[in-house]
Amino acid sequence: MKWYSLTTFALFAPSHALIRFPCAQLVVDRLDPLVNPGLVPSPHLHQIVGGNSFNATMDPSKDMPGESTCTTCQFSEDFSNYWTAVLYFKARNGTYKRVPQMPNSGFDGVNAGMTVYYMQDGLYNFQQTSKVTAFKPGFRMYIGDVNARSKEEMQRFRQLTYTCLQDINTRDPQILDFPKEPCPMGIMTALRFPTCWDGKNLDSADHMSHMAYPESGTFETGGPCPASHPVRMGQLFYEVNWDTRQFNNKADWPEDGSQPFVWSFGDSTGYGNHGDYVFGWKGDALQRAMDSPCYINCPTLKTQNTQAMNKCSKDRVVTEDNIDDWVETLPGGMVAGM
């Protein structure tokens with residue numbers, strides 16, 4: 001996949017919408033209200049962005065725009081919450097250090113967090129002409145398998161990838177497991193969610209079954225949705241940039257030469273990559289954007305500056321975890337190889 005700069009994007013005149021925006025860090029905490037609602041603490045650590053009404057339960061009837069007083073996202077009508085696990089470095093001596101996040105290309109000054117996309121068509125389709133349905137209040141979904149430890153297990157989820165950044169604009173090659181060599185500018189994780197909805201359920205027991213992939217081809221190629229999931233939604237897509245540069249000295253890597261990174265739930269393969277989403281846009285803002293001539297930026301949506309994004313935050317609920325220093329085990333007692 002070739003990566004074009006934002007300047008290149010601006011040369012095209014789209015018919016409809018693709019929006020790309022940063023969300024600063026809201027909190028890093030051991031909560032997971034989608035998979036483990038009400039459980040404090042949850043089994044492993046997450047990094048969370050979006051509206052500050054995020055809590056341990058996130059009841060489906062929750063009025064996220066009404067209960068939030070701010071959002072860490074650039075589009076200030078987006079009070080959704082987006083979260084992933086946290087990346088750690090395991091040193092040769094067996095101790096762990098949390099890997100910091102860094103802003104994506106074009107978003108200097110944003111405090112950690114991630115980049116979020118909503119797309120009508122593939123990323124490099126500059127026309128974005130397909131009609132898509134926006135998510136509804138109460139909608140939530142999950143992608144990935146925390147227990148996956150093989151390529152075969154991960155491949156049932158399309159497009160959960162890693163990129164070894166040579167510079168901040170690197171986008172290829174995309175691989176399914178952790179890079180095996182030091183990455184000059186860090187590691188990007190990319191998570192693309194399914195795009196076909198059953199049209200009835202805002203959630204499902206596994207938080208995935210109400211959504212499906214196209215029955216043939218991909219979202220990018222315009223593959224048709226299956227009859228069981230006939231409603232074509234926009235594609236939700238996360239990019240998270242992990243600043244691994246301070247860990248590039250191979251003298252600190254395992255003596256056997258294996259790669260040293262591990263997810264906060266103990267996965268050192270990378271195949272357990274996963275992400276969570278709870279919809280929380282205000283009113284019809286997201287559908288309005290999807291129906292408007294937006295590409296990257298969107299005049300129909302209200303925006304806020306970087307200072308306002310960075311100011312929005314929450315205190316951690318689970319305070320017993322040491323998430324800033326070198327530690328003997330991962331938060332929750334997890335260890336690499338689980």
Side-chain angles (χ1 to χ4, degrees), residues 1-3 32 34-35 43-44 46 82-88 114-117 119 121-125 140-165 170-181 183 187-198 203-230 232-242 258-277 334 336-338:
M1 178 188 293
K2 187 175 181 180
W3 175 250
D32 191 355
L34 189 57
V35 176
H44 63 267
H46 295 92
Y82 312 86
W83 66 97
T84 73
V86 174
L87 191 64
Y88 274 79
M114 67 172 76
T115 302
V116 177
Y117 296 74
M119 302 183 290
D121 292 298
L123 184 59
Y124 298 106
N125 180 333
R140 61 253 336 260
M141 63 177 165
Y142 172 93
I143 187 64
D145 180 357
V146 69
N147 296 311
R149 295 295 182 270
S150 70
K151 183 177 180 180
E152 291 71 28
E153 290 173 306
M154 189 185 196
Q155 282 181 322
R156 69 188 184 98
F157 306 104
R158 304 178 194 175
Q159 299 172 304
L160 298 178
T161 62
Y162 300 86
T163 300
C164 184
L165 298 176
T170 304
R171 292 299 182 274
D172 281 316
Q174 297 177 51
I175 59 176
L176 300 181
D177 53 355
F178 287 129
K180 302 296 191 294
E181 296 294 330
C183 297
I187 296 172
M188 171 182 283
T189 53
L191 302 94
R192 292 173 173 85
F193 286 75
T195 53
C196 299
W197 181 40
D198 67 11
D203 196 6
S204 49
D206 62 0
H207 312 295
M208 293 186 284
S209 297
H210 57 308
M211 296 294 291
Y213 294 102
E215 64 179 355
S216 62
T218 65
F219 177 79
E220 286 80 2
T221 63
C225 285
S228 60
H229 294 73
R232 192 172 192 270
M233 313 293 281
Q235 182 161 71
L236 176 64
F237 171 23
Y238 303 167
E239 289 178 338
V240 188
N241 283 7
W242 302 96
S258 60
Q259 73 81 31
F261 295 101
V262 55
W263 284 118
S264 52
F265 49 94
D267 172 30
S268 56
T269 67
Y271 294 125
N273 189 13
H274 62 280
D276 304 69
Y277 171 63
M334 301 284 183
M338 294 185 71

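Worth saying up front: this structure is predicted, and the values here are computed from it rather than measured. Sequence positions, counted from 1, serve as the residue numbers for this chain.
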**Report entry** Heavy-atom side-chain contact between Pro43 and Phe265 under 4.5 Å
**Finding:** no
Query raised in the report: Taking the side chain from Gln259 and the backbone from Ser268, do they hold a donor-acceptor pair closer than 3.5 Å?
Result: yes
Query - With sequence neighbours excluded, residues passing side-chain contact (heavy atoms from CB on, under 4.5 Å) with Pro230 - result: none
Report task. Step through it carefully: locate the ring centre of His207, locate the ring centre of Tyr142, and say whether they are under 6.0 Å apart. Result -> no
Report task. For this output row, return yes or no: ring centroids of Tyr82 and Tyr238 closer than 6.0 angstrom. Result -> yes
Query raised in the report: Which atom pair, heavy atoms only, marks the closest approach of Asp177 to Thr269?
Result: CB-O, 3.2 Å
Report task. Find the distance between OG1 (Thr163) and CD1 (Ile187) and round it off to the nearest 0.5 Å. Result -> 10.0 Å
**Report entry** Validation row: Thr161, Thr189 side chains within 4.5 angstrom (heavy atoms)
**Finding:** no
Query raised in the report: Does the side chain of Asp203 come within less than 4.5 Å of Leu34's, by heavy atoms?
Result: yes
Requested in this report: For residues Asp276 and Asp32, determine if any side-chain heavy atom of one lies less than 4.5 Å from a side-chain heavy atom of the other.
Outcome: yes
Query raised in the report: Which value, rounded to the nearest 0.5 Å, describes the distance between Asp145 atom CG and Leu160 atom CG?
Result: 10.5 Å
Query raised in the report: Relative to each other, are the rings of His46 and His274 parallel, tilted or perpendicular (30° and 60° limits)?
Result: perpendicular
Report summary line: Hits for side-chain contact (heavy atoms from CB on, under 4.5 Å) against Glu181, two or more places apart or cross-chain, chain-then-number order -> Lys250
**Report entry** Which atom of Phe157 lies closest to which atom of Gly144, heavy atoms considered
**Finding:** CZ-O, 3.5 Å
Query raised in the report: Of the non-hydrogen atoms in Thr84 and Met114, which two are nearest, and what is the gap between them?
Result: CG2-CE, 4.0 Å
Query raised in the report: Distance from Leu87 atom CG to Asn273 atom CG, nearest 0.5 Å?
Result: 9.5 Å
Query raised in the report: Aromatic ring centroids of Phe178 and Tyr162 under 6.0 Å?
Result: yes
Requested in this report: Walk me through it: do Lys151 and Tyr271 pass the test side chain to side chain contact (heavy atoms under 4.5 Å, CB included)?
Outcome: CA-CA 7 Å; Lys151 183 177 180 180; Tyr271 294 125; 3.8 Å; yes
Query raised in the report: Is Arg171 paired with Glu239 through a side-chain N to carboxylate O contact shorter than 4.0 Å?
Result: yes
**Report entry** Distance (rounded to the nearest 0.5 Å) between Cys164 SG and Lys180 NZ
**Finding:** 11.0 Å
Query raised in the report: Got a salt bridge between Asp267 and Arg149, using NZ or NE/NH1/NH2 to carboxylate O under 4.0 Å?
Result: yes
Query raised in the report: With sequence neighbours excluded, what pairs up with Asp206 under the side-chain contact (heavy atoms from CB on, under 4.5 Å) test?
Result: Ser204, Met208, Ser209
Query raised in the report: Closest heavy-atom contact between Cys196 and Pro214?
Result: SG-N, 4.0 Å
Requested in this report: Measure from the ring center of Tyr213 to the ring center of His229 and say whether it is less than 6.0 Å.
Outcome: no
Report summary line: In terms of heavy-atom contacts, Leu236 and Val116 come closest through CD1-CG1, 3.8 Å
Query raised in the report: Of all heavy-atom pairs between Thr195 and Gly234, which one has the smallest distance, and what is that distance?
Result: CG2-O, 4.1 Å
